[in-house]
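Bear in mind that the values here come from a model prediction, so they are computed numbers and not experimental data.
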Amino acid sequence: SVSEYKVAEDNQAFSSEDGVLFNKDKSILICYPISGLRYYAIPTSVDSIGHSAFSYCTLLDSVYIPNGVRHIGDFSFWYCPLLTKFEIPNSVSSLGGGIISYSDKLKAIVCKADIPPTTNNSITNVNRKDCILYIPKGSLDAYLKAEEWKDFGTIIECTYSYSVNATSSVGGRIEGLMSSVNQGETLTIRMIPDDGFKIDKVNINGKDITAEIINDSYELPPVYEDVSISVMFKGIETGITSPGKTTIGIYAENGSVFISGAKPGEKVFVHNIGGSLIYSGNIANEIERINLSPNQIYLITIGNKSTKVKL
């Protein structure tokens with residue numbers, strides 16, 4: 001049996017990742033190896049699960065389908081006998097025929113879609129009297145009117161919540177965060193730079209949303225998946241003027257102080273907040289880099305001008 005797929009990098013039609021076969025841009029998951037791992041997390045690039053993609057994967061007992069997948073294709077999880085729970089994210093709008101069948105151990109289907117996905121004999125040979133269907137709170141009437149979904153013996157409404165994790169670099173902090181947020185809710189976060197710093201880059205679930213920051217704030221759209229926030233702060237150029245009237249820029253980033261615009265040979269002194277001399281030297285480069293210990297405040301002196309920076 002197949003344990004992995006390998007595709008040459010110059011192949012114009014297909015690609016592979018961790019032994020799984022995709023189309024070139026990894027938007028369609030084509031085939032998971034029959035003798036693959038027991039658990040698999042589908043990449044966030046995928047928006048469609050292909051025909052029979054996981055069929056006869058008899059070792060598979062758990063799969064994560066990310067929010068962003070819109071369609072689950074025909075027979076995609078046909079005869080996966082070890083599956084005990086199957087989760088469908090909010091983004092899915094349609095299910096192909098026979099996506100789940102002959103999964104004797106299946107005890108729960110969690111459908112997080114507020115609007116029931118359209119079906120086509122999608123869930124077959126599953127005991128719907130014993131298999132519990134979990135749906136979003138407030139959507140029971142819609143599911144009771146929807147073909148196939150209405151046939152489950154037990155349907156339970158749930159409030160789904162998602163974790164919110166945030167990290168920030170030295171130079172500021174994040175405010176307004178909660179550890180979790182309920183499905184469909186929004187959340188406003190504020191990024192507060194320290195004195196001498198500004199927001200450099202903001203990523204949410206790997207997407208750069210820096211250009212969408214307004215007044216150091218960002219409102220998350222309705223949440224349907226776990227949220228990971230990363231904020232990078234950057235030191236603001238100080239505007240020190242050298243004797244030749246050239247503006248000198250000083251900023252901190254990734255454990256270093258960078259100095260630009262200073263004349264070659266100019267003397268640089270670095271003291272810590274306690275007044276001890278940490279570094280002295282002469283400018284030798286167009287952009288001079290001085291490596292310093294993080295999480296401290298330093299006084300940078302060039303000529304008769306000084307400024308504070310925080311790493």
Do Asp47 and Ser27 pair up side chain to side chain, a donor and an acceptor below 3.5 Å, judged on atom types alone? no
Nearest heavy-atom pair of Tyr143 and Asp114: which atoms, and what distance? CE1-O, 4.2 Å
Taking side chain as C-beta onward, heavy atoms only, is Tyr5 less than 4.5 Å from Pro33? yes
Least distance between heavy atoms, Ala113 atom then Val92 atom: CB-O, 4.0 Å
Just by distance, no angles: are the side chains of His71 and Ser94 close enough, under 3.5 Å, to form a donor-acceptor pair? yes
How far does CD1 of Ile109 sit from CG of Leu133, to the nearest 0.5 angstrom? 6.5 Å
Quick one: do Val223 and Ile204 end up in the same hydrophobic cluster if we chain Ile, Leu, Val, Met, Phe, Trp and Tyr together by side-chain heavy atoms under 4.5 Å apart? yes
OG1 of Thr210 to CG of Asn203: how many Å apart, nearest 0.5 Å? 6.5 Å
Closest heavy-atom contact between Ser35 and Val2? OG-O, 2.7 Å
Spacing of CZ belonging to Arg289 relative to CZ belonging to Phe258, to within rounding of 0.5 Å: 4.0 Å
Should Ile135 and Phe152 be regarded as members of a common hydrophobic cluster, given that ILVMFWY residues are connected when their side-chain heavy atoms come within less than 4.5 Å of each other, either directly or indirectly? yes
Kindly indicate whether the side chain of Asn127, heavy atoms from C-beta on, has any atom under 4.5 Å from the side chain of Asp104. no
Any donor-acceptor pair under 3.5 Å from Ser103 side chain to Ile100 backbone: no
Between Tyr298 and His271, is the gap from one ring center to the other below 6.0 Å? no
Could you please spell out the steps behind the salt bridge (charged side-chain N to carboxylate O under 4.0 Å, His left out) verdict for Glu175 and Arg173? CA-CA 7 Å; Glu175 291 185 348; Arg173 65 189 187 278; 3.2 Å; yes
Between Asp216 and Arg190, is there a side-chain N and carboxylate O pair less than 4.0 Å apart? no
Does Tyr79, at its OH atom, have more than 12 non-hydrogen atoms belonging to other residues, nucleotides or ligands within less than 6.0 Å? no
Looking only at side-chain N and O atoms, does Asn182 offer a donor or acceptor that is under 3.5 Å from a partner on Thr159? no
Do Tyr160 and Ile155 belong together in a cluster built from hydrophobic side chains that touch within less than 4.5 Å? no
Closest approach of Thr58 and Pro81, non-hydrogen atoms and distance? CA-CD, 3.9 Å
Side-chain contact, heavy-atom cut-off 4.5 Å: Ile123 with Arg128? yes
Any heavy-atom pair between the side chains of Phe54 and Ile72 that's under 4.5 Å? no
Treat each ILVMFWY residue as a node, draw an edge where side-chain heavy atoms are under 4.5 Å apart, and state whether Val7 and Phe22 are in one component. no
Looking only at side-chain N and O atoms, does Tyr32 offer a donor or acceptor that is under 3.5 Å from a partner on Asp18? no
Separation of Ile214 CD1 from Glu219 CD (nearest 0.5 Å): 10.0 Å
Give me the atom names and distance for the closest heavy-atom approach of Cys131 to Val126. CB-CG1, 4.2 Å
In this structure, are over 12 heavy atoms from other groups packed under 6.0 Å from Ile209 atom CD1? yes
Can you find a pair of side-chain heavy atoms, one from Leu106 and one from Thr84, that are under 4.5 Å apart? no
Should we say atom NZ of Lys26 is surrounded by more than 12 heavy atoms from elsewhere, each under 6.0 Å from it? yes
Heavy-atom check, side chain of Glu288 versus side chain of Ile283, under 4.5 Å: yes
Electrostatic pair Glu148:Lys150 at N-O distance under 4.0 angstrom: no
Between the CG atom in Asn23 and the CD1 atom in Ile28, the distance rounded to the nearest 0.5 Å is 4.5 Å
How about NZ on Lys201, more than 12 heavy atoms from neighbouring residues, nucleotides or ligands closer than 6.0 Å, or not? no
Show the nearest heavy-atom pair for residues Leu83 and Ser62, with the distance to one decimal. CD2-N, 3.9 Å
Donor-acceptor contact below 3.5 Å, side chain Asn11 vs main chain Ala13: yes
Do Val227 and Asn165 have side chains that get closer than 4.5 Å, going by heavy atoms? no
Using the six-membered ring wherever Trp is involved, compare the ring planes of Trp78 and Tyr102 and label them parallel, tilted or perpendicular (cut-offs 30° and 60°). perpendicular
Got a sec: does the NZ of Lys105 have more than 12 other heavy atoms crowding it under 6.0 Å? no
Evaluate the side-chain proximity of Glu87 to Tyr64: yes if any heavy-atom separation is below 4.5 Å, no if none is. no
Pair Phe77 and Phe86, ring centroids less than 6.0 Å apart: yes
Under a 4.5 Å side-chain heavy-atom rule over Ile, Leu, Val, Met, Phe, Trp and Tyr, are Tyr224 and Tyr218 clustered together? no
At what distance, to the nearest 0.5 angstrom, does CE of Met191 lie from OG of Ser217? 6.0 Å
